[in-house]
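Have a look at the structure below, then the notes.
Labels below follow one simple rule: chain letters A, B, ... track the order of the sequence lines, proteins then strands, and each chain is numbered from 1. Small disclaimer: the values here were computed from a predicted structure and weren't measured.
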Amino acid sequence: MNRMGKMKREVGFTGRKHRNNWFDYLNYTLMILMVIITIYPLVYVLAGSFNEGIDYVRGGIYFFPRVFTTDNYVVVLNDPRLWRGYFITVSRTVIGTTSALLFTSMVAYAMSRKDLFFRRFFYWVSIFTMFFGGGLIPFFLVINMIGLYNTFWVYIIPGLYSVFNMLVFISFFRTIPEDLHEAAIMDGASEFKIYRMIILPLSKPVLSIIGLWIAVGHWNAFLDAMIFTVDENLQTLQYYLMKVVRESTMPAEGVPLPPEILNTISPETVTLAAIIVSVIPVMIFYPFIHRLATQGVVIGSLKG
Amino acid sequence: MVAGTSKAYKITKNRLQLLLMASLGFLFLIVFAYIPMFGIVLAFKQGDGYLNILDAMVNSPWAGLDNFRAFLTDRDFLNVMRNTIGLNLLQLAINFPAPIIFALLINEIRAKGFRRRVQTVANFPHFLSWVIFGGIILMLLNMDTGVVNAALIRLGFVDEAVNFGEARYFWGTIIITSLMKGIGWGSLIYVAAISGIDPTLYEAAEIDGANRFQKMRHITIPSIAGTITLFFILSVSNLLSNGFEHIWVFQNQINLSRSEVIDTYVYKHGIIGLRYSYTTAVGLFKSIVAFILLLSGHYTSKRLTGRGVF
């Protein structure tokens with residue numbers, strides 16, 4: 001119905017085919033400009049990352065490499081810190097997303113049941129935390145107190161539960177027919193079993209969208225690594241890159257490489273190569289991510 | 001009779017299972033939300049230097065409002081507040097309406113394929129971290145090798161390369177990078193809202209001879225006003241928070257006078273400087289102002305438009 005309406009609008013209600021006027025041309029120009037502004041920086045980075053380091057510093061590499069080389073990538077890919085960062089980031093994304101989805105959806109299931117004891121109390125206790133918090137320092141001290149500081153689990157446990165996601169789950173669970181629950185109770189199923197065997201399998205759409213939000217958050221986070229860890233072995237990919245970008249740490253410092261490579265690279269080009277190496281996974285998954293995320297916007301807005 | 005009792009027993013057992021599941025969430029909130037909230041008591045104590053929160057809360061001496069007084073009279077206070085609020089007001093004035101305008105423009109594109117491609121490209125930066133996106137921008141802005149300086153010189157806007165790391169360029173950098181990264185993604189919610197508008201409204205307007213600007217003004221914008229109000233109130237309540245990661249990537253030693261905001265200030269003095277009580281007070285100051293702004297935004301909007309956040 002909606003699509004019909006849109007089609008009608010395209011041709012105009014009176015049936016005349018729409019003719020482009022100055023506004024359309026301006027609009028198309030703006031959009032194309034927008035696309036160029038978004039894509040060009042990636043072209044720039046790509047060109048620089050394939051350019052010889054000493055030559056790059058002379059400037060002028062804007063579209064294509066002038067002196068082509070893959071040395072920058074050799075350096076980056078030989079840096080154990082990058083691989084460790086990758087390993088930590090992938091681990092936290094996989095473990096963190098799975099555990100947060102299971103935990104939050106389980107609590108949400110209980111909160112969605114009308115026969116939950118103290119339901120209103122639980123509900124308001126949750127809502128209040130969305131509007132008021134203790135701030136960074138008390139939170140930091142709690143992390144310290146319960147022994148999460150400088151452990152891998154500081155990436156996982158504080159992210160297990162989110163009130164916002166819980167509310168999104170609840171609004172989805174409301175659409176699951178109550179009969180299913182009643183029938184399961186008749187068969188003597190426990191609530192855990194109902195959650196596991198009925199609710200989870202029926203919730204795939206909402207699980208995948210919330211899972212995507214959580215996973216993107218995990219992939220991109222560097223603040224928690226910066227605040228809650230000191231151990232280099234625990235630093236995430238983004239935190240490693242942050243140090244490279246912000247503190248001009250020479251990437252791949254101390255990596256044993258032949259002198260003919262070390263003498264020609266520059267921090268700039270190696271940084272560019274490091275950026276490309278960490279963007280690649282996002283690019284590969286982007287078509288999938290984008291489709292899912294666009295559906296998610298509607299779900300997220302329903303809640304608001 | 002026997003069947004009846006066992007069913008009642010079953011139902012009670014199930015209700016207890018539900019209680020257990022919900023309690024896990026409750027327990028989580030106690031640890032990660034409510035204990036920190038009670039930790040606010042630190043703001044009124046001299047707990048600087050303690051590592052254990054309970055120890056600091058229970059055993060440190062009271063300080064009254066000293067920590068707040070110290071912040072208000074700190075030589076960085078005015079600077080930090082100016083940067084925090086100034087940057088946010090700019091964001092509110094520029095980065096808030098931009099996605100709405102972008103959504104309206106997107107909506108005017110009739111070629112569906114082109115429209116989808118523009119959206120796909122425009123949303124991409126949203127999925128990059130601030131480290132990567134900021135890192136790319138810093139490369140583009142580089143004094144010696146960056147393309148931006150080369151273009152400015154070639155076009156004759158400047159005579160010699162500009163150092164974009166300087167303090168006076170900081171706010172501009174933040175606003176523009178925010179736009180570049182967020183405009184596409186930010187517009188999605190409005191595009192979704194626009195596509196939910198009843199098409200018969202447009203048909204009726206066309207019969208009345210309305211042109212596209214009149215339709216935009218009298219149908220599209222009023223129809224998405226609710227969404228706009230909601231997001232506006234939420235943005236206002238964030239007046240004292242700047243995206244930490246965003247600021248952090250672009251902050252350097254020479255632009256501190258324009259780039260130090262409450263969040264970075266708390267991090268430096270609290271986490272690095274171990275002044276826990278002092279920075280808790282700063283954080284509480286921030287939370288209270290944000291809470292007041294949210295509530296006043298909510299009630300003002302309720303009075304004016306009949307719509308609020310909750």
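Contact of the A:V57 side chain with the B:D144 side chain is not registered, since no non-hydrogen atoms from C-beta on lie closer than 4.5 Å. B:I35 has its side chain out of reach of A:F139: every pair of non-hydrogen atoms, C-beta onward, lies at least 4.5 Å apart. The side-chain heavy atoms of B:S129 and A:F222, taken from C-beta on, include no pair separated by under 4.5 Å. You'll find the side chain of B:L24 stays beyond 4.5 Å of the side chain of A:Y161, heavy atoms only. At least one side-chain heavy atom of A:V282 sits under 4.5 Å from a side-chain heavy atom of B:F124. In this structure the side chain of B:L42 reaches within 4.5 angstrom of the side chain of A:L141, judged on heavy atoms. In this structure the side chain of B:T145 never reaches within 4.5 angstrom of the side chain of A:I61, judged on heavy atoms. Put simply, the side chain of A:L116 does not reach to within 4.5 Å of the side chain of B:M21, judged on heavy atoms.
Counting heavy-atom pairs closer than 4.5 Å to chain B, the top-ranked of the candidates A:Y40, A:F140, A:Y109, A:Y149 is A:F140. Listed options B:I40, B:T120, B:I109 were ranked by heavy-atom pairs under 4.5 angstrom with chain A; first place goes to B:T120. Considering only heavy-atom pairs separated by less than 4.5 Å from chain A, the leading option among B:F291, B:F133, B:W185, B:Y34 is B:Y34. Ranked by non-hydrogen atom pairs under 4.5 Å with chain B, the options A:A221, A:S190, A:G135 are led by A:S190. Ranked by heavy-atom pairs under 4.5 Å with chain B, the list A:G60, A:A189, A:G48, A:P287 is led by A:A189. When the candidates B:G135, B:G47, B:G270, B:G283 are compared by the number of heavy-atom contacts under 4.5 Å with chain A, B:G135 comes out ahead. The greatest number of non-hydrogen atom pairs below 4.5 Å with chain B, out of A:I143, A:L272, A:I194, is found for A:L272. Taking B:Q251, B:K13, B:M180 one by one and counting their heavy-atom pairs under 4.5 Å with chain A, the maximum is reached by B:Q251.
Both the backbone and the side chain of A:F117 come within less than 4.5 Å of a heavy atom of chain B. Heavy atoms of A:L237 lying under 4.5 Å from chain B are absent altogether. Both the backbone and the side chain of A:V125 come within contact range of chain B, judged by heavy atoms closer than 4.5 Å. Looking at B:I183, only its side chain comes within 4.5 Å of chain A, counting heavy atoms on both sides. Both the backbone and the side chain of B:L140 come within contact range of chain A, with heavy atoms under 4.5 Å apart. The parts of A:V35 that come within reach of chain B are both its backbone and its side chain, each placing non-hydrogen atoms under 4.5 angstrom from that chain. With a 4.5 Å cut-off on non-hydrogen atoms, A:L30 touches chain B through its side chain but not through its backbone. For a residue to count as touching a neighbouring chain, one of its non-hydrogen atoms must lie under 4.5 Å from one of that chain's; by this rule A:D115 touches chain B with backbone and side chain alike. For a residue to count as touching a neighbouring chain, one of its non-hydrogen atoms must lie under 4.5 Å from one of that chain's; by this rule A:M226 touches chain B with backbone and side chain alike. Proximity to chain A involves both the backbone and the side chain of B:V31, based on heavy atoms less than 4.5 angstrom apart. A:A108 does not touch chain B: none of its heavy atoms, backbone or side chain, sits under 4.5 Å away. Contacts of A:I157 with chain B are made by both backbone and side-chain atoms, with heavy-atom separations under 4.5 Å.
When all heavy atoms of B:G146 and A:Y44 are compared, the pair lying nearest together is CA-OH, 3.4 Å. When all heavy atoms of A:T38 and B:P125 are compared, the pair lying nearest together is CG2-CG, 3.5 Å. When all heavy atoms are compared, the tightest approach of B:M37 to A:G133 is CG-C, 4.2 Å. A:M34 approaches B:A122 most closely through the heavy-atom pair CE-CB, 3.7 Å. When all heavy atoms are compared, the tightest approach of A:P138 to B:T280 is CG-CG2, 3.8 Å. Contact detail for A:P41 and B:I136: the closest heavy-atom pair is CB-CG2, 3.6 Å.
Between B:R117 atom CZ and A:M31 atom CE the span is 15.5 Å, to the nearest 0.5 Å. Taking CG of B:L128 as the reference point, atom OH of A:Y286 lies at 9.0 Å (rounded to 0.5 Å). A distance of 11.0 Å separates CZ of B:F28 from OG of A:S126, quoted to the nearest 0.5 Å. If you take OG1 on A:T129 and CG on B:L29, they are separated by 5.0 Å, rounding to the nearest 0.5 Å. Note that OH of B:Y267 and CG of A:L136 are 9.5 Å apart. Values are rounded to the nearest 0.5 Å. Atom-to-atom distance recorded for B:L20:CG and A:M106:CE is 7.0 Å, nearest 0.5 angstrom.
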**Request:** Please step through side chain to side chain contact (heavy atoms under 4.5 Å, CB included) for the pair B:Y278 and A:I137, ending with a clear verdict.
**Result:** CA-CA 10 Å; B:Y278 176 63; A:I137 301 299; over 6 Å; no

**Request:** Dump the intermediate steps for ring pair (Phe, Tyr, Trp, His ring centres under 6.0 Å) on A:F285 and B:F127, then the final yes or no.
**Result:** CA-CA 11 Å; A:F285 289 110; B:F127 294 96; over 10 Å; no

**Message:** side chain to side chain contact (heavy atoms under 4.5 Å, CB included), that's the test. Do B:W248 and A:L223 meet it? Break it down for me.
**Reply:** CA-CA 10 Å; B:W248 191 252; A:L223 218 53; 5.8 Å; no

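Applying the 6.0 Å contact sphere to CZ of B:F114 captures more than 12 heavy atoms from other residues, nucleotides or ligands. Environment of OH in A:Y123: sparse, with no more than 12 heavy atoms of neighbouring residues, nucleotides or ligands closer than 6.0 Å. Applying the 6.0 Å contact sphere to NZ of A:K193 captures no more than 12 heavy atoms from other residues, nucleotides or ligands. Atom CZ of B:F38 sits in a sparse spot, with 12 or fewer heavy atoms from other residues, nucleotides or ligands closer than 6.0 Å.
In this structure, A:F23 has its ring center under 6.0 Å from that of B:F213. Checked against the 6.0 Å centroid criterion, the rings of A:F121 and B:F26 qualify as a close aromatic pair.
Using modelled atom types and a 3.5 Å distance limit, the side chains of B:N14 and A:R113 yield no donor-acceptor pair. For the residue pair B:E108/A:N27, the side-chain donor-acceptor check at 3.5 Å is not satisfied.
By the 4.0 Å N-to-carboxylate-O rule, A:D24 lies close enough to B:R110 to be salt-bridged with it.
B:Q17 places a side-chain N or O within 3.5 Å of a backbone atom of A:E191 that can act as its donor or acceptor partner. In this structure, A:Y62 contributes its side chain and B:A151 its backbone to no donor-acceptor pair below 3.5 Å.
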